[in-house]
Each structure stands twice: as C-alpha cells, then as structure tokens.
2 protein chains.
Amino acid sequence: MVKVKKENQPARLKIIQTAFDLFHKQGVNATSVDEILEKSQAGKSQFYYYFKNKEDLVHSVLMFFYGQLKNNELPINNKIESWKDLERWFYNFVGMQKAMNCDRGCPIGTIGSELVTGQDLIRQDIKLIFEFTRNSLSRFFHGLKVKGELKDSVDPDVLADFCFTVMQGGLLVAKINRESDIFENSIQQALAYLKSLAK
Amino acid sequence: MVKVKKENQPARLKIIQTAFDLFHKQGVNATSVDEILEKSQAGKSQFYYYFKNKEDLVHSVLMFFYGQLKNNELPINNKIESWKDLERWFYNFVGMQKAMNCDRGCPIGTIGSELVTGQDLIRQDIKLIFEFTRNSLSRFFHGLKVKGELKDSVDPDVLADFCFTVMQGGLLVAKINRESDIFENSIQQALAYLKSLAK
DNA sequence: CTACAATTGTACTATGTAGTTCAATAATGT
DNA sequence: ACATTATTGAACTACATAGTACAATTGTAG
C-alpha cells in the first residue's frame with residue numbers, strides 16, 4: 001500500500017490562512033512573519049519547517065488561493081453562464097467589500113500592487129490566478145458568440161479583459177475611498193455596454 | 001518689506017522627489033527612510049528637520065504631487081475638452097507605463113493600495129488627488145451634455161467614475177502582467193461605450 | 001563684528017525583522 | 001522495544017529600521 005503524502009498539516013494551513021488574511025488587510029510588506037506566527041499560534045520552527053522563507057509563504061498562500069479558486073470554494077462564483085451570472089459576479093465583489101467596510105481591496109491585487117522588478121515567481125502565481133478568472137469570463141462571451149448572441153464585431157477575450165479591469169479598478173478605488181459608489185457606477189456602465197453588444 | 005516664507009529648500013525637494021520615485025517603484029512600506037536619504041544625498045537631521053516622521057513625508061509627497069497636478073505640470077494632461085483629449089488622456093497612461101517597461105502602476109494607486117484602517121490623513125490626501133482627476137473628467141462630460149451632445153439618460157459624473165475605474169484597473173493589471181494589452185483592450189472598450197452615448 | 005536662528009553631520013538608541021541553531025519531543029515503521 | 005523520521009520550543013544572531021541627541025556649521029539681520 002503506497003502511502004500518499006500526508007496533506008493534513010493543520011499548523012501549515014493555519015499559517016497560510018492567517019497570512020492570507022493579513023496580506024489582504026495590510027499587504028505583504030506590512031506583515032511580519034512574527035505577526036503571522038503570533039496570530040496563528042505557531043512557532044518559528046514550524047514556520048521554517050513548512051516554508052523556505054517569507055517569499056515561499058507568499059507563493060504558498062497564492063497557490064492555496066488558486067486551489068480554492070479552481071475548486072470553486074470561494075465566495076465568488078466563477079462559473080458564469082448567463083448575463084445574470086455576470087451581474088452577480090460583479091456585484092459579489094461589491095458585496096464582499098462592503099462586508100469588510102470597504103477597508104480592503106482585492107486580496108490578489110493587493111499583493112500584486114507590491115510587486116517589484118525581479119519578483120517573477122510571485123508575479124507568475126498572480127498571473128495564473130488572474131488568467132483563470134479571465135478565462136471564466138472569456139468562456140461566457142465565447143459561448144454567447146457561438147450562439148450568435150453577440151454582435152459579429154466583438155472579440156470575446158477583449159470583453160473579458162474589460163470586465164477584469166473594471167473589477168480590479170473598482171476594488172482598488174472603493175478601498176481607497178472606503179465606499180463603493182464609484183465601483184458600483186462603473187459596474188453599471190460596464191454592464192450597460194456589454195449588454196449593448198448583444199444581438 | 002515683509003519676507004515671504006522661503007520656498008527654496010533644495011534638500012527638502014530632493015527628498016520628496018526621490019521618495020515619490022521610490023514609492024512609485026516599490027511602495028511605501030518597502031522604502032526605508034535611509035534608502036530615501038542615501039538616494040537623495042541627504043542626512044537624517046535634514047529629514048527630521050523637514051518632516052515630522054515618515055508618514056508626514058508621505059503626506060508631503062502627495063501634496064507635492066497634488067500641487068503639480070493642479071498646476072498642470074505633469075505629463076498627463078488633465079484638461080479634457082474633446083473626445084480626442086479623452087483618448088489622449090487614456091493612452092497617455094499606457095505610454096507612461098510602457099516607458100517604464102510596465103514595471104509600475106499608478107504612483108498614487110500604489111500608495112493607496114497600502115493603506116490600512118486608521119491612516120485617514122493619507123487617505124484624504126489621495127481622495128483629494130483622485131477627486132481632482134475625476135472632476136476633470138466630469139467637466140468634460142457635463143460640457144457635452146450641456147451642448148446636447150450626450151444622450152439625455154446619461155449622468156456625466158457616472159461616466160467620470162467609469163473612466164477613472166478603468167484607468168486605475170488598467171494600470172494595476174498592466175503592472176502585474178508587465179504588459180499593457182489588457183489595459184489597452186479595456187480602454188478601447190471603454191471609449192467605444194462612451195462614444196456610443198454621444199448623440 | 002555679533003547675536004541669533006536656520007541648517008546639517010555624526011553618532012546613537014531602541015526596537016523590529018528575517019532567518020538559524022539545536023536539543024527535545026512525538027509519531028511511525030519494523 | 002528500537003531506530004528513524006517528523007515536528008516543535010526556545011533562545012539566539014545579524015542586521016535594518018524609525019527616530020533622537022546634540023554639537024558644529026552656516027546664513028542673516030542689526
């Protein structure tokens with residue numbers, strides 16, 4: 001009987017989840033390893049047993065998030081199959097942000113904003129996550145196109161880019177303003193445009 | 001003859017400009033006072049003579065930027081009086097970013113992304129800057145409306161919000177991806193939408 | 001020149017930071 | 001039981017960090 005690598009490492013998981021939350025709240029650079037350990041009730045040797053260094057933790061956090069995203073375990077539903085789903089997708093971000101008093105932006109965008117030249121491993125992780133989300137959007141618009149429900153001139157991938165940009169911009173602006181009006185207005189306009197492309 | 005407060009403090013200015021550049025490049029938290037001083041060839045006592053602390057420096061940097069913005073001394077022209085101007089406004093951001101190898105996002109958005117609860121002075125500074133830019137956009141759309149060149153149903157302020165969101169999102173996404181395709185696609189869609197509202 | 005304020009250089013303190021060391025303990029297979 | 005490996009606790013190192021103290025120097029006004 002081949003023993004599968006044990007995947008039950010509660011301390012490791014707790015560290016990752018705590019780190020994710022702190023990174024989301026205050027960014028990577030403002031979060032020390034010690035703070036993560038204190039909040040996750042873990043010791044230093046646990047940390048450096050599970051992670052090579054802080055950068056490796058950031059990587060692990062992103063991979064953990066990516067896993068949840070792929071398995072649809074996140075509050076944001078990325079299965080977009082109708083206009084209604086797309087609306088829900090947009091407004092879910094608003095809802096999540098409001099639930100946090102508009103104190104935080106996109107957890108991934110926040111990490112991405114701190115990237116500097118040379119941090120290419122982390123950058124690739126984030127690109128992977130972004131790509132997955134963009135693909136969900138693309139698939140929806142491609143589907144519409146195949147069904148002949150979109151004007152011939154439109155490129156489904158470009159529409160996905162557009163949605164993604166509005167989402168990221170909206171989350172950032174809402175965080176800075178500590179209120180989501182601008183975000184909501186932007187979503188409204190984006191949806192009005194997209195629907196105008198239907199035929 | 002009343003002596004006006006001397007505004008010629010080359011060391012102070014150099015510190016602010018150096019700090020602005022480093023904040024833009026790597027964010028506030030990743031930039032130490034010592035690094036700013038080394039790069040601006042200034043000493044510690046100069047720093048704490050001109051600034052109360054690091055937060056005060058961030059405030060000063062933002063106020064300096066705000067001054068440049070108001071006096072139209074920045075590479076981005078905020079006097080938007082025609083559709084051509086609006087296009088230029090959008091694409092200037094792309095151009096600036098490309099000139100930096102898509103290694104940086106919005107200098108202000110980058111600082112804003114690092115905000116945490118309680119940093120309300122800095123937040124207000126950023127809101128001031130954002131508001132100024134949003135007003136430039138609003139003015140343009142209001143002007144169109146007054147001239148009867150916009151459909152009656154549209155709210156000029158909402159269009160300004162929309163432009164601003166696309167700009168912020170695009171800059172962030174382009175920085176993370178280290179290329180501006182998604183940003184450019186989004187601008188293209190945003191402009192297509194906005195122009196569709198003309199009558 | 002002289003007094004006084006503006007400015008700067010150098011050295012310092014206290015604390016936070018990432019990461020290491022290593023012995024102690026727990027778990028596992030034979 | 002025994003050996004081996006996985007896991008953890010606690011103290012520690014080396015360095016970076018924000019901010020201070022204060023004397024030395026420069027500029028300026030009478």
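Each chain gets a letter, A, B and so on, in the order the sequences are listed, and its residues count up from 1.
Taking 4.0 angstrom as the limit, A:Tyr50 places a side-chain polar atom (N or O) nearer than this to OP1 or OP2 of D:dT8. Considering only side-chain N and O atoms, B:Ser32 lies under 4.0 angstrom from the phosphate OP1 or OP2 of D:dT17. For C:dT8, one of the phosphate oxygens OP1 or OP2 lies less than 4.0 angstrom from a side-chain nitrogen or oxygen of B:Gln46.
Going from atom CD of A:Gln41 over to atom P of D:dG9 covers 10 Å, rounded to whole Å. Between B:Glu35 atom CD and D:dA18 atom C1' the separation is 15 Å, expressed in whole Å. Counting to the nearest Å, the C1' atom of D:dA16 and the CG atom of A:Asp34 are 14 Å from each other. In this entry the distance linking CD of B:Glu38 with C1' of D:dA16 reads 13 Å, nearest Å. Rounded to an integer number of Å, the gap from B:Asp56 CG to D:dG19 P is 10 Å. Remark: P of C:dC12 and OH of B:Tyr48 are 18 Å apart, rounded to the nearest angstrom. One atom, CD1 of A:Ile36, and another, C1' of C:dG19, lie 14 Å apart when rounded to the nearest Å. Atom NZ in A:Lys14 sits roughly 13 Å away from atom P in D:dT8 (whole-Å rounding).
For the pairing with A:Ser138, the side chain to side chain donor-acceptor pair (under 3.5 Å) check across A:Thr133, A:Asp157, A:Asp155 returns one residue only, A:Asp157.
Applying the 3.5 Å distance criterion, the base of C:dG19 shares a donor-acceptor pair with the side chain of A:Lys44.
A salt bridge links B:Asp21 with B:Arg104; the closest basic N to acidic carboxylate O contact falls under 4.0 Å.
Residue contacts for B:Phe51: at a heavy-atom cut-off of 4.0 Å it reaches no nucleic acid atom on any strand shown.
For CD of A:Glu38, the number of neighbouring non-hydrogen atoms (other residues, nucleotides, ligands) closer than 6.0 Å is 12 at most. Few gaps surround CD on B:Glu35; more than 12 heavy atoms of other groups in view lie less than 6.0 Å from it.
Comparing A:Ser45 and A:Val33 by the nucleotide of DNA chain C whose heavy atom lies nearest to each, the residue mapping closer to the 5' end is A:Val33. Closest-nucleotide positions on DNA chain C for A:Lys52 and A:Ala30 were compared, and the one nearer the 5' end corresponds to A:Ala30.
In this structure, of C:dT8, C:dA18, D:dT8, it is C:dA18 that holds the atom nearest to the side chain of A:Lys54. Among the nucleotides C:dT7, D:dT8, C:dT20, the one closest to any side-chain atom of B:Tyr49 is C:dT7.
Judged purely by atom type and a 3.5 angstrom limit, A:Lys44 has no side-chain atom pairing as donor or acceptor with the backbone of A:Leu37.
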